[in-house]
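Okay, so here's the structure we're looking at.
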Amino acid sequence: MAFLVAPALILILLLVGAFWVWMIVDCATKEPDNGNTKLVWILIIILTGTVGAAIYYLARRPQRKAELGR
């Protein structure tokens, strides 16, 4: 049974890591340079890990898309 759990766990960790990197890149490339918004969001994502990336994805990203269309 352990031979099935290990690959699944590795796959989940890779997906979570890819999501985290995607949110950092998305924030760094598409967030406007007004004030410190970009820097603050990047720090939140980096320091809080997947939780910060999920908060950015669910809270800020839709707001940014509505404001800027990107």
Side-chain angles (χ1 to χ4, degrees):
M1 187 65 153
F3 63 91
L4 293 177
V5 175
L9 184 60
I10 290 170
L11 179 63
I12 290 169
L13 291 174
L14 286 173
L15 290 174
V16 167
F19 174 71
W20 182 71
V21 170
W22 174 39
M23 288 300 102
I24 292 172
V25 170
D26 184 72
C27 181
T29 58
K30 296 183 179 153
E31 196 66 39
D33 286 333
N34 303 340
N36 292 327
T37 307
K38 181 188 286 193
L39 177 63
V40 169
W41 274 112
I42 289 174
L43 287 174
I44 289 171
I45 295 168
I46 289 173
L47 296 175
T48 59
T50 307
V51 173
I55 291 169
Y56 178 78
Y57 183 78
L58 296 173
R60 176 61 185 150
R61 193 166 183 260
Q63 181 185 17
R64 185 197 74 224
K65 283 188 165 193
E67 291 172 1
L68 304 174
R70 56 182 175 135

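Everything quoted here is computed from the prediction, not taken from an experiment. Nothing fancy with the numbering, it's 1 onward along the sequence. What you see below is based on every heavy atom in this structure, not just the backbone, and it leaves out hydrogens, waters and symmetry mates.
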For [X], what are the other residues in its hydrophobic cluster, where any two members join if their side-chain heavy atoms are less than 4.5 angstrom apart?
X	answer
Ile12	Val16
Ile10	Leu14
Leu13	Leu9
Leu15	Leu11

What salt bridge (Lys or Arg N to Asp or Glu O under 4.0 Å) pairs are there with at least one residue in [range], not counting sequence neighbours?
range	answer
residues 44-56	none
residues 36-60	Glu31-Arg60, Asp33-Lys38, Arg60-Glu67
residues 3-29	Asp26-Lys30, Asp26-Arg61, Asp26-Arg64

Sequence neighbours excluded and cut-off under 3.5 Å, please list the side-chain donor-acceptor pairs for residues 41-54, or say none.
residue, atom, partner, partner atom, Å
Thr48, OG1, Ile44, O, 2.4
Thr48, OG1, Gly52, N, 3.1

Q) If every non-hydrogen atom of Thr37 is compared with every non-hydrogen atom of Asn34, which pair is closest and at what distance? A) OG1-O, 3.3 Å
Q. Do the rings of Trp22 and Tyr57 sit parallel, tilted or perpendicular, given the 30° and 60° boundaries?
A. tilted
Q: To the nearest 0.5 Å, tell me how far Trp20 CH2 sits from Tyr56 OH.
A: 14.5 Å
Q.
Once side-chain contact (heavy atoms from CB on, under 4.5 Å) is applied, do any residues pair with Val25, and if so which ones, sequence neighbours excluded?
A. Val21, Thr29
